[in-house]
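A short write-up of the structure that comes next.
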Amino acid sequence: MNLELSASTKYWLNFFHPLMMWVLLALSLYAAYLGLQLQRTRNAQGEQKKELIKGRYNVRHYQIGSILLALMVAGAIGGMAVTYINNGKLFVGPHLLAGLGMTGLIAFSAALSPYMQKGANWARVSHILINFVILGLFTWQAITGVQIVQRILTQA
């Protein structure tokens, strides 16, 4: 069985990945905020610590991070799939390679969670550094992604 998508469906599929990635970039910034609040909570003392604990930053950061991991992997695969469906090939370039790098890095970052939960400071520092690299790459990906979308729009 050969499933052929309509030209209209193929065209609109081009925009699912970029929209999803912009949402994930915003979610990543929120996760970073939660992580910074979690660090503040960890370093606080007395009444300030009691107040910050009420924000449940640890739980929220972990939950958002889990969602980010799942959706970033799905978004990367989806972006490659749509490119292949529409073009019969992938365009190997900086956008694809940085996206694959981000996908690998977020897996490493998440894999540090059990060590952080046991108090390993090396894991916490590595997690923070990896996530800031991801945020930097993600911002760059957003800019290059807009350029790709602009090319798609001008070809239509």
Side-chain angles (χ1 to χ4, degrees), residues 1-42 55-116 121-156:
M1 179 169 103
N2 189 10
L3 177 66
E4 184 62 33
L5 298 175
S6 71
S8 175
T9 301
K10 285 183 177 183
Y11 177 75
W12 289 107
L13 278 175
N14 284 312
F15 303 105
F16 182 75
H17 172 77
L19 288 174
M20 181 180 180
M21 289 297 121
W22 276 97
V23 169
L24 289 181
L25 176 57
L27 202 56
S28 296
L29 292 170
Y30 179 61
Y33 165 78
L34 292 174
L36 291 171
Q37 295 306 318
L38 179 55
Q39 194 68 21
R40 274 187 62 214
T41 303
R42 187 174 287 108
R56 297 176 41 105
Y57 298 115
N58 58 340
V59 173
R60 291 165 47 202
H61 181 71
Y62 189 84
Q63 289 170 338
I64 294 295
S66 296
I67 292 167
L68 275 171
L69 172 63
L71 292 180
M72 188 178 289
V73 171
I77 293 168
M80 290 184 293
V82 168
T83 300
Y84 188 80
I85 287 168
N86 285 333
N87 302 287
K89 64 179 180 176
L90 292 178
F91 298 101
V92 180
H95 188 81
L96 174 66
L97 297 175
L100 290 173
M102 287 169 50
T103 304
L105 286 173
I106 200 165
F108 280 109
S109 180
L112 293 169
S113 291
Y115 301 101
M116 290 185 291
N121 200 47
W122 66 266
R124 187 168 287 114
V125 170
S126 299
H127 177 80
I128 292 167
L129 289 174
I130 289 169
N131 287 341
F132 274 106
V133 169
I134 291 170
L135 270 178
L137 285 171
F138 215 156
T139 302
W140 181 78
Q141 285 290 90
I143 294 165
T144 61
V146 166
Q147 294 167 348
I148 293 168
V149 168
Q150 287 173 333
R151 267 188 308 222
I152 291 168
L153 289 171
T154 58
Q155 292 172 356

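The analysis underlying the following values was restricted to heavy atoms, covering all of them including side chains, and did not include hydrogens, waters or symmetry mates.
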Does the side chain of [X] reach to within under 4.5 Å of the side chain of [Y], using non-hydrogen atoms?
| X | Y | answer |
| --- | --- | --- |
| L5 | W12 | no |
| N86 | N14 | yes |
| T83 | K89 | no |
| L135 | N131 | no |

Exercise. Sub-3.5 Å donor-acceptor pair from the side chain of N87 to the main-chain atoms of Y84, do we have one?
Worked result: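 Absent.
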Exercise. Under 3.5 Å, is there a donor-acceptor pair between the R124 and Y115 side chains?
Worked result: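 No pair is found: no donor N or O on one side chain lies under 3.5 Å from an acceptor on the other.
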Exercise. Will you find, in the side chains of Q63 and R60, an N or O donor that is under 3.5 Å from an N or O acceptor?
Worked result: no
Could you tell me whether [X] atom [atom1] has more than 12 heavy atoms of other residues or ligands within 6.0 Å of it?
| X | atom1 | result |
| --- | --- | --- |
| Y62 | OH | no |
| R40 | CZ | no |
| W140 | CH2 | yes |
| F91 | CZ | yes |

For this session: In sequence, state the C-alpha distance, the side-chain angles, and the governing distance for M21 and F138, and then conclude on side chain to side chain contact (heavy atoms under 4.5 Å, CB included).
Result: CA-CA 9 Å; M21 289 297 121; F138 215 156; 4.2 Å; yes
Problem set entry | Non-neighbouring partners of L137 that pass side-chain contact (heavy atoms from CB on, under 4.5 Å), sequence neighbours left out |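 Result, side-chain contact (heavy atoms from CB on, under 4.5 Å) vs L137: A98, M102, L105, V133.
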Problem set entry | Residue list, side-chain contact (heavy atoms from CB on, under 4.5 Å) with L68, at least two apart or on another chain | L24, L27, S28, A31, I64, I106
Minimum heavy-atom separation for [X] to [Y], with atom names?
| X | Y | answer |
| --- | --- | --- |
| I130 | S109 | CG2-CB, 3.8 Å |
| M72 | I134 | CE-CG2, 4.3 Å |
| K10 | E4 | NZ-OE2, 3.2 Å |
| A123 | L112 | O-CD1, 3.7 Å |

For this session: Assign the ring pair Y33 / Y30 to parallel, tilted or perpendicular, where the plane angle (0 to 90°) is split at 30° and 60°.
Result: parallel
Problem set entry | Criterion side chain to side chain contact (heavy atoms under 4.5 Å, CB included) on V125 and L129, from CA distance to verdict | CA-CA 6 Å; V125 170; L129 289 174; 4.0 Å; yes
For this session: Give the intermediate values and the outcome of side chain to side chain contact (heavy atoms under 4.5 Å, CB included) for residues S113 and M116.
Result: CA-CA 5 Å; S113 291; M116 290 185 291; 4.0 Å; yes
Problem set entry | W122 CH2 to H127 NE2 distance, which is reported to the nearest 0.5 Å | 12.0 Å
For this session: Can you measure from CG (L29) to CG (L34) and round to the nearest 0.5 angstrom?
Result: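 Taking CG in L29 and CG in L34, the distance rounds to 11.0 Å.
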Donor-acceptor contacts under 3.5 Å from residues 75-82 side chains, at least two apart:
none

Exercise. Does the pair I152 and F15 meet the rule for a side chain to side chain contact (heavy atoms under 4.5 Å, CB included), with working shown?
Worked result: CA-CA 9 Å; I152 291 168; F15 303 105; 4.2 Å; yes
